[in-house]
Amino acid sequence: MNQSTQTRELVFETDAAEGDVTSVFRALASQPRLRILRLLGDRLMNVTEIAEALGVPVSTANSHVNLLEEAGLLLTEHRPAARGSQKVCTRAFDNLRLYLPTAAPFEGKQIETSMPVGAYVDCRVTPSCGLASEEGIIGLFDDPGSFYEPNRVAAQLLWFHCGYVEYRFPQRLPSSALLQSVHLALELCSEAPLHHDDWPSDITVWINEVKIGTWTSPADFGGQRGRLTPGWWETHSSQYGLLKLWQVTETGSLVDGLRVSDVRVPDLRVGESEFVSVRIGVEADARHVGGVNVFGRAFGNYPQDIVLRLKYV
């Protein structure tokens with residue numbers, strides 16, 4: 001645990017003691033204690049003043065203050081009062097940063113390719129559908145023909161109700177390489193009219209025409225502007241997605257670490273062609289046909305395109 005006195009920032013490194021992390025997050029897991037930290041953002045207050053602000057007994061406020069103090073989130077000082085002494089409190093930190101542990105480093109090599117959202121080579125989509133660049137709409141709303149516009153390559157967001165888009169990534173594995181795993185990362189979500197907080201959609205990925213697995217997106221996220229979404233795009237429309245990772249290993253396929261199928265690396269036949277085909281879509285007979293939004297590096301919350309990694313030894 002590191003403390004920066006200039007920025008008043010509490011930083012937990014990946015090797016921080018488990019007890020330190022647990023005590024801080026236990027202290028934060030309380031609405032009254034979060035309110036105390038908010039109250040102390042720009043002032044000193046004694047326990048009686050905190051109790052009055054929260055509308056709770058002094059004894060209750062004192063218990064919350066003690067927990068925050070034990071976790072190192074508050075600084076307190078006893079000062080003289082009209083009768084005895086009073087405990088005066090101030091917030092110790094303005095920011096909290098936690099670095100999560102990372103996986104063990106891969107000992108082999110990898111080839112990474114970033115593919116723009118608009119660089120698909122084939123598609124079959126149904127409305128609602130469309131494409132948008134950083135500057136504006138490409139073609140027309142709800143017109144599948146717009147997916148063949150020459151300037152589709154500038155798309156930073158595309159959406160459709162049912163069907164697929166297909167990309168072809170260059171296959172650059174050395175001739176002697178033994179492929180260990182395939183990773184596909186992209187930001188995406190469901191596609192509802194405007195947006196909808198409860199709109200499940202079964203989104204499927206195929207690699208080299210082999211169905212890898214399906215992830216059910218819970219919603220079409222909107223109402224709150226995506227960090228990268230251009231200002232001209234209306235807030236009530238789709239704003240951002242979730243960053244998802246499909247992975248094919250020597251033992252099976254996973255989405256965000258959860259097994260979704262028995263497809264293994266050899267089933268993909270990577271190396272038999274000069275490209276790796278990646279198809280993203282929603283099947284017409286899926287349980288939840290709720291469409292898909294695919295976000296590029298200039299839309300949504302994550303500054304990346306569609307990323308394919310081939311890990312090999």
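This structure is a prediction, so every number in the text was calculated from the model and none was measured.
When atom types are taken as modelled, the side chain of E49 and the backbone of N46 share a donor-acceptor pair closer than 3.5 angstrom. Under a 3.5 Å cut-off, the side chain of E274 and the backbone N or O of Q171 do not form any donor-acceptor pair. Looking at D305, its side chain does come within 3.5 Å of a backbone N or O of R297 through a donor-acceptor pair. Between the side chain of Q304 and the main chain of L243, no donor-acceptor pair closer than 3.5 Å is present. For T235 (side chain) and R225 (main-chain N/O), no donor-acceptor pair under 3.5 Å exists by modelled atom type. Checking side-chain atoms of Q156 against main-chain N and O of A298 turns up a donor-acceptor pair under 3.5 Å. For W159 (side chain) and G291 (main-chain N/O), no donor-acceptor pair under 3.5 Å exists by modelled atom type. In this structure a side-chain-to-backbone donor-acceptor pair under 3.5 Å is missing from R124 to G163. No donor-acceptor pair under 3.5 Å is formed between the side chain of S146 and the backbone N or O of D142. Judged purely by atom type and a 3.5 angstrom limit, D256 uses its side chain to pair as donor or acceptor with the backbone of L245.
No side-chain heavy atom of V182 sits under 4.5 Å from any side-chain heavy atom of V276. Side-chain contact check for F160 versus V292: some heavy-atom pair is nearer than 4.5 Å. Contact of the V210 side chain with the V248 side chain is not registered, since no non-hydrogen atoms from C-beta on lie closer than 4.5 Å. You'll find the side chain of L37 stays beyond 4.5 Å of the side chain of F93, heavy atoms only. You'll find the side chain of V260 stays beyond 4.5 Å of the side chain of T214, heavy atoms only. For the pair V307 and E112, the minimum side-chain heavy-atom distance is below 4.5 Å. By the 4.5 Å heavy-atom criterion applied to side chains, Q239 and H195 are not counted as neighbours. In this structure, the side chains of L308 and L184 come closer than 4.5 Å at one or more pairs of heavy atoms.
Side-chain contact, E191 with S128: a donor N or O sits under 3.5 Å from an acceptor N or O. With no hydrogens or angles considered, no side-chain donor-acceptor pair links S201 and S190 at under 3.5 Å. A donor-acceptor pair shorter than 3.5 Å can be found between the side chains of D202 and H288. In summary, the side chains of E166 and S277 do present a donor paired with an acceptor at a separation below 3.5 Å, with no hydrogens or angles considered.
Annotation: R259, atom CZ; neighbour count of heavy atoms from other residues, nucleotides and ligands within 6.0 Å is above 12.
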Point to revise | Full working for ring pair (Phe, Tyr, Trp, His ring centres under 6.0 Å) between Y164 and W206 | key: CA-CA 10 Å; Y164 65 86; W206 295 260; 7.4 Å; no

Check your understanding: Under the side chain to side chain contact (heavy atoms under 4.5 Å, CB included) criterion, do H161 and V282 qualify, and how do the steps go?
Key -> CA-CA 7 Å; H161 175 67; V282 177; over 6 Å; no

Practice item. Might you work through the side chain to side chain contact (heavy atoms under 4.5 Å, CB included) test for H78 and T76, ending with a clear yes or no? Key: CA-CA 7 Å; H78 288 275; T76 62; 5.6 Å; no

**Study point:** Test side chain to side chain contact (heavy atoms under 4.5 Å, CB included) applied to Q86 and T48, step by step
**Key:** CA-CA 8 Å; Q86 61 179 349; T48 301; over 6 Å; no

**Study point:** Derivation and outcome, side chain to side chain contact (heavy atoms under 4.5 Å, CB included), residues L131 and V117
**Key:** CA-CA 10 Å; L131 305 99; V117 166; over 6 Å; no

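F141 and F299 fall within the same hydrophobic cluster, defined by Ile, Leu, Val, Met, Phe, Trp and Tyr side-chain heavy atoms under 4.5 Å apart, directly or through other members. W246 and V265 fall within a single hydrophobic cluster, where Ile, Leu, Val, Met, Phe, Trp and Tyr are joined by side-chain heavy atoms under 4.5 Å apart, directly or via other members. Placement of I212 and Y167 within a single hydrophobic cluster is found when ILVMFWY residues are connected by side-chain heavy-atom separations under 4.5 Å, directly or transitively. Following chains of ILVMFWY side-chain contacts shorter than 4.5 Å, one can reach V21 starting from L28, so the two form part of one hydrophobic cluster. Hydrophobic clustering (side-chain heavy atoms under 4.5 Å, transitive across Ile, Leu, Val, Met, Phe, Trp, Tyr) keeps V24 apart from L75.
Contacts of W215 classified as ring pair (Phe, Tyr, Trp, His ring centres under 6.0 Å), with partners at least two apart in sequence or in another chain: none. A search for ring pair (Phe, Tyr, Trp, His ring centres under 6.0 Å) contacts involving Y240 returns F221, not counting sequence neighbours.
Salt bridge absent: E250 and R264 never bring a charged side-chain N and a carboxylate O closer than 4.0 Å. Of the charged side-chain nitrogens involved, at least one lies within less than 4.0 Å of a carboxylate oxygen, so that E283 and K211 count as a salt-bridged pair.
Screening residues 54-73 for salt bridge (Lys or Arg N to Asp or Glu O under 4.0 Å) gives E69-K87 as the qualifying pairs, with residues at least two apart or on separate chains.
Taken to the nearest 0.5 Å, the CG atom of L254 stands 10.0 Å off from the OG atom of S181. From L228, atom CG reaches atom CG of L157 across 12.0 Å, with rounding to the nearest 0.5 Å. Of the inter-residue distances, the one linking R26 atom CZ with L67 atom CG reads 8.5 Å to the nearest 0.5 angstrom. Residue I111 holds its CD1 atom at 9.0 Å from CZ of R172, rounded to the nearest 0.5 Å. For the atom pair Q110 CD and Y312 OH, the distance stands at 9.5 Å (nearest 0.5 Å). Atom-to-atom distance recorded for R33:CZ and H64:NE2 is 6.0 Å, nearest 0.5 angstrom.
For L173 against L310, the heavy-atom pair with the smallest separation is CG-CD1, 4.1 Å. In terms of heavy-atom proximity, T229 sits nearest to G300 at OG1-N, 3.2 Å. Heavy atoms only, all atoms of each residue included: C189 and G241 are closest at CB-CA, 3.9 Å. Shown here for P200 and T216, the closest heavy-atom pair between the two residues is CB-CG2, 4.0 Å. The two residues V263 and S253 make their nearest non-hydrogen contact at O-OG, 2.8 Å. A92 and G72 get closest at one heavy-atom pair: CB-O, 3.6 Å.
Using a 30° and 60° split on the angle between ring planes, F147 and Y120 fall in the tilted class, from 30° to 60°.
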